2 protein chains.
Amino acid sequence: MDEILLLLLSKRAHKEPLHATTRALAAELGISQQSFSRKAIGLVSCGYIKREGGAYLLTKKAIEEAKSLQKALSDSLFGGARLDFGGRVVRGLGQGKKFLSIPKYKKGVEKELGFSPFPGTLNVNIPPEEIELRLRLKSKNPIIIKGFVQKGKTYGPILAYPALIGECIRGAVIFPDRSVHGLSVMELIAPMDIKKKLRIRDGDSISFSVECEGC
Amino acid sequence: MDEILLLLLSKRAHKEPLHATTRALAAELGISQQSFSRKAIGLVSCGYIKREGGAYLLTKKAIEEAKSLQKALSDSLFGGARLDFGGRVVRGLGQGKKFLSIPKYKKGVEKELGFSPFPGTLNVNIPPEEIELRLRLKSKNPIIIKGFVQKGKTYGPILAYPALIGECIRGAVIFPDRSVHGLSVMELIAPMDIKKKLRIRDGDSISFSVECEGC
DNA sequence: ATTACTAATTCACGAGTAA
DNA sequence: TTTACTCGTGAATTAGTAA
């Protein structure tokens, strides 16, 4: 990916024609006006940019290339492997227990996640620097446990991501989002009582990770 | 960002030492073994990579640079301007009306979004190709209208994003996520009855956009 | 085999300048 | 003013080869 293309991209030349002189753009890249001119001509002949009356516009080809670079970078940096979270167990409010006791949700978890959930969620308080990670996780395609209406009451859908908890338990991170928790608390479910299995209590440290295949 | 660094990144040299010969890596980049050798030496002296016994490892410096490039690309390609949605108005379930009638939520909207919401949400069915856009929106920093507990009942937090609806109404997209809607339905709120203001009915087309400043 | 040096060559850069 | 050409210089590349 050429320096010039990145500069034009940052100046939104993929959205609207960018009016600028070769001199000014060259200066921004720290190269001579002559070099910029020559390179720009090359980019035009390669079909990366269009020039119309002193205005620059990126072609579809350039934009596609930028997108694939962006995706490649994201995959290398964040995706592919796994997102690792660490935090401390915090006291739940009994909400998790309540919803996992509702047969329809339980069936949904069994169907979508492949295990029968222990009736209770583990709430983990993650440090502020992992909130970015959390948001990134939520931008991935979730497994959706459908919501429903029962006796006039609405039960919202639950977004879930299979997770490895404490390096050994196969469970899931869930985002019921009827939770009162802010962005710093994440909820985990598993086939068994996580606290018992890992022999931990409120306040203890815990780590978990979410696998992101190709997303 | 150097070609070599991108190649090493794609080979996960930021996670674990990569064993490879200069010849092989050079071939992948379409350059000579000699050029690769020379450039690698340069990258080491610049502090971008480490070489230990024939293995390559990216330094923190290189990883940081890759991250900032990734962010810059994402911002240029997806962020910066605005996310444009288009879809058809669908019948609501009266859920929106209900929750916007709850004083605490109403106060929350007034405080966080700066307008007094009309008691009712506009539900818009977006086409499948915009679901990716929706997920991207949700990965941005939202305005959070706090949840609360009242009379033993839990009212979850609401994530909101200020939006321009039908090119003229300043409202917001909300994600109560206690909604029964799937990922294809988005909910809008505004200071007034959107349907009346825009003179639209269920089934009509509508467009709205969300501004994303620096996020 | 491998990496990296030296030498030959190519090619990219920017000064000068025409249009 | 602007853009883009020519051309001399030097940097980057590859071939050959030593270690």
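Remember, it's a predicted structure, so these values are computed and weren't measured experimentally. Below, chains carry the letters A, B, ... as their sequence lines are ordered, and counting in each starts from 1.
- Comparing A:Ser37 and B:Arg38 by the nucleotide of DNA chain D whose heavy atom lies nearest to each, the residue mapping closer to the 5' end is A:Ser37.
- The OG atom of B:Ser116 lies 9.0 Å from the NZ atom of B:Lys107; values are rounded to the nearest 0.5 Å.
- For the pair A:Phe36 CZ and D:dA4 P, the computed distance is 10 Å after rounding to whole Å.
- In this structure, B:Thr22 reaches the C:dT3 phosphate: one of its side-chain N or O atoms is under 4.0 Å from OP1 or OP2.
- Under the side-chain contact (heavy atoms from CB on, under 4.5 Å) rule, A:Phe208 has a single partner from A:Val173, A:Leu164, A:Ile169, which is A:Val173.
- Side-chain atoms of A:Thr21 lie closest to D:dT3 of the nucleotides D:dT3, C:dT3, D:dA4.
- Of the candidate nucleotides D:dT13, C:dA4, D:dT3, D:dT3 has the atom lying nearest to any side-chain atom of A:Gln33.
- B:Glu52 has its CD atom 21 Å from the P atom of C:dT2, to the nearest Å.
- Here D:dT3 sits opposite C:dA18 as a Watson-Crick or G-U wobble pair (both hydrogen-bonding atom distances under 3.5 Å).
- Looking only at atom types and distance, the side chain of B:Gln70 has a donor-acceptor partner in the side chain of B:Ser74 under 3.5 Å away.
- Contact record, A:Tyr48 with A:Ala62: O-CB, 3.3 Å, taken as the closest heavy-atom pair.
- Rounded to an integer number of Å, the gap from A:His19 NE2 to D:dT2 C1' is 15 Å.
- Nearest to the side-chain atoms of B:Ser32 among the listed nucleotides D:dT14, D:dC5, C:dA4 stands D:dT14.
- A close approach under 4.0 Å does occur between a side-chain nitrogen or oxygen of A:Lys39 and OP1 or OP2 of C:dC13.
- With D:dA4, C:dG14, D:dT14 as the candidates, the nucleotide lying closest to the side chain of A:Ser35 is C:dG14.
- Atom CD1 in B:Ile31 sits about 14 Å away from atom C1' in C:dT3, given to the nearest Å.
- Atom-to-atom, CG of A:Leu25 to P of D:dT2 comes out at 12 Å; the value is rounded to the nearest Å.
- Look at A:Asp204 and A:Arg199 and you find no salt bridge, because none of the NZ, NE, NH1 or NH2 atoms lies under 4.0 Å from a carboxylate O.
- Computed from coordinates, the A:Leu43 CG to D:dT3 P distance equals 15 Å when rounded to whole Å.
- An OP1 or OP2 oxygen of D:dT14 is reached within less than 4.0 angstrom by no side-chain nitrogen or oxygen of B:Arg23.
- Remark: P of C:dA12 and CD1 of A:Ile41 are 14 Å apart, rounded to the nearest angstrom.
- Atom pair B:Gln34:CD and D:dT14:C1' shows a separation of 6 Å (rounding to whole Å applied).
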